[in-house]
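None of these values were measured; they are calculated from a predicted model. For the numbers below, each heavy atom of this structure counts, side chains included, while hydrogens, waters and symmetry mates do not.
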Amino acid sequence: MINIPSKIFDINIHDVEIGVSDIHLYSKNEIENAQIGYRVDDKGKSIKDWIGDNYIVIGNDSCCGDPIIIDLSNNQLPVYSMFHDDWNSLQQITTDFEQYIEILNRIDETDLSDENEKNELIFSIKKIVPEDSFDYWSSIIQVAYEFLNDKN
């Protein structure tokens with residue numbers, strides 16, 4: 001059993017729709033099985049090229065199955081994402097878990113089909129995330145905006 005801080009589960013949001021996709025954060029009952037295919041195989045054996053024992057999958061992007069990951073070795077619990085089958089694509093998307101939840105709440109409260117609201121959201125995120133994390137957020141919000149406004 002993985003020792004995961006309770007604040008990962010003591011949140012007010014577990015699913016956020018973002019245009020063509022949604023972000024799902026796992027419950028206590030889902031978290032162990034969610035490690036299959038990342039940290040462990042279907043028999044529970046460690047996958048040798050996984051990024052490290054301190055990295056735990058806590059959710060996913062439903063569009064592509066890209067995992068949402070935290071680093072347990074850092075008390076702030078930075079949040080990462082990566083392409084499903086590419087361990088080398090690991091990218092930090094927030095410096096801590098609370099920041100991640102704050103951004104998800106902002107996204108959930110925003111009409112992503114409204115250009116002004118979308119731009120305000122992007123600007124507010126830019127002020128709080130590291131510069132190298134900003135591209136992740138701006139691109140998924142822009143894709144959602146374009147999807148929601150596709151007239152075809």
Side-chain angles (χ1 to χ4, degrees), residues 2-40 50-51 54-152:
I2 305 166
N3 185 15
I4 300 172
S6 62
K7 70 179 176 179
I8 298 299
F9 306 111
D10 298 337
I11 54 176
N12 62 347
I13 194 164
H14 287 274
D15 291 289
V16 177
E17 187 175 329
I18 307 175
V20 298
S21 184
D22 65 270
I23 301 290
H24 174 70
L25 298 179
Y26 301 124
S27 68
K28 280 184 183 180
N29 296 332
E30 297 173 300
I31 200 89
E32 290 288 333
N33 283 337
Q35 307 310 303
I36 297 172
Y38 298 104
R39 297 181 77 240
V40 297
W50 176 243
I51 53 180
N54 53 311
Y55 292 93
I56 306 296
V57 177
I58 62 163
N60 73 358
D61 175 336
S62 70
C63 181
C64 301
D66 294 344
I68 305 300
I69 302 163
I70 59 168
D71 178 359
L72 293 174
S73 69
N74 182 321
N75 289 338
Q76 290 184 303
L77 301 174
V79 180
Y80 298 81
S81 183
M82 69 181 190
F83 298 121
H84 180 73
D85 290 326
D86 182 2
W87 309 144
N88 295 320
S89 67
L90 187 70
Q91 170 188 6
Q92 185 176 4
I93 57 176
T94 64
T95 56
D96 62 70
F97 184 71
E98 284 84 12
Q99 185 181 68
Y100 183 72
I101 296 303
E102 177 185 345
I103 291 171
L104 291 184
N105 279 315
R106 288 180 187 192
I107 290 171
D108 195 45
E109 296 166 356
T110 300
D111 178 358
L112 295 176
S113 67
D114 180 278
E115 186 172 15
N116 289 330
E117 285 193 41
K118 175 211 43 135
N119 289 339
E120 287 176 21
L121 174 63
I122 289 172
F123 181 73
S124 72
I125 292 171
K126 186 173 187 159
K127 293 192 309 188
I128 63 172
V129 297
E131 189 173 328
D132 56 344
S133 301
F134 177 68
D135 287 345
Y136 170 86
W137 294 106
S138 64
S139 67
I140 65 170
I141 293 166
Q142 186 62 38
V143 167
Y145 171 77
E146 291 169 6
F147 171 78
L148 294 169
N149 286 291
D150 185 10
K151 305 297 184 210
N152 294 326

### Task
Look at the rings of Tyr100 and Trp137 and say which category their plane angle falls in: under 30° parallel, 30 to 60° tilted, over 60° perpendicular.
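Plane angle between 30° and 60°, so tilted.
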
Indicate the atoms forming the closest heavy-atom contact of [X] with [Y], along with that distance.
| X | Y | value |
| --- | --- | --- |
| Leu112 | Ala144 | CD1-CB, 3.9 Å |
| Val79 | Phe97 | CG2-CA, 4.0 Å |
| Val16 | Ile13 | CG2-CD1, 3.2 Å |
| Glu98 | Lys7 | OE2-NZ, 3.0 Å |

Rounded to the nearest 0.5 Å, how far apart are [atom1] of [X] and [atom2] of [Y]?
| X | Y | atom1 | atom2 | answer |
| --- | --- | --- | --- | --- |
| Ser124 | Lys127 | OG | NZ | 7.0 Å |
| Ile51 | Ile56 | CD1 | CD1 | 9.5 Å |
| Ile125 | Thr110 | CD1 | OG1 | 7.5 Å |
| Ser133 | Tyr80 | OG | OH | 9.0 Å |
| Asp61 | Ile18 | CG | CD1 | 7.0 Å |
| Ile141 | Ile122 | CD1 | CD1 | 5.0 Å |

Tell me, please, which residues at least two apart from [X] pass salt bridge (charged side-chain N to carboxylate O under 4.0 Å, His left out).
| X | answer |
| --- | --- |
| Lys126 | none |
| Glu30 | none |
| Glu102 | Arg106 |

#### Entry: Residues forming a ring-ring contact (aromatic ring centres under 6.0 Å, His included) with Tyr136, sequence neighbours excluded
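By the ring-ring contact (aromatic ring centres under 6.0 Å, His included) rule, Tyr136 matches no residue at all.
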
### Query
Given side chains that start at C-beta, do those of Thr95 and Val129 come closer than 4.5 Å, heavy atoms only?
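No, side chains not in contact.
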
### Any side-chain heavy-atom pair of Gln76 and Gln99 under 4.5 Å
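Gln76 vs Gln99: side chains apart.
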
Ignoring hydrogens and angles, tell me if any N or O in the side chain of [X] forms a donor-acceptor pair with the backbone of [Y] under 3.5 Å.
| X | Y | answer |
| --- | --- | --- |
| Asn105 | Ile101 | yes |
| Asp108 | Leu104 | no |
| Gln35 | Val40 | no |

### Message
Checking Tyr55 against Arg39 for the side-chain contact (heavy atoms from CB on, under 4.5 Å) test, could you report, in this order, the C-alpha distance in whole Å, the side-chain angles of both residues, the deciding distance, and whether it holds?
### Response
CA-CA 8 Å; Tyr55 292 93; Arg39 297 181 77 240; 5.9 Å; no

### Message
Going by salt bridge (Lys or Arg N to Asp or Glu O under 4.0 Å), name the pairs with one or both residues in residues 12-24, residues two or more places apart or in two chains.
### Response
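Counting only pairs at least two positions apart or across chains, no salt bridge (Lys or Arg N to Asp or Glu O under 4.0 Å) contact touches residues 12-24.
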
Pairs of donor and acceptor atoms involving the side chains of residues 65-73, under 3.5 Å and at least two apart or interchain, shall be tabulated with distances.
{"unit_1": "Asp66", "atom_1": "OD1", "unit_2": "His84", "atom_2": "N", "d": "3.0"}
{"unit_1": "Asp71", "atom_1": "OD1", "unit_2": "Asn54", "atom_2": "ND2", "d": "2.6"}
{"unit_1": "Asp71", "atom_1": "OD1", "unit_2": "Ser73", "atom_2": "N", "d": "2.9"}
{"unit_1": "Asp71", "atom_1": "OD1", "unit_2": "Ser73", "atom_2": "OG", "d": "2.6"}
{"unit_1": "Asp71", "atom_1": "OD2", "unit_2": "Ser73", "atom_2": "OG", "d": "3.3"}
{"unit_1": "Ser73", "atom_1": "OG", "unit_2": "Asn54", "atom_2": "ND2", "d": "3.1"}

### Message
Tell me whether Asn75 at atom CG has more than 12 heavy atoms from other residues, nucleotides or ligands lying less than 6.0 Å away.
### Response
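No, because the 6.0 Å sphere around CG of Asn75 holds 12 heavy atoms or fewer from other groups.
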
### Task
Please test Tyr26 against Asn33 for side-chain contact (heavy atoms from CB on, under 4.5 Å), starting from the C-alpha separation and ending with a verdict.
CA-CA 10 Å; Tyr26 301 124; Asn33 283 337; over 6 Å; no

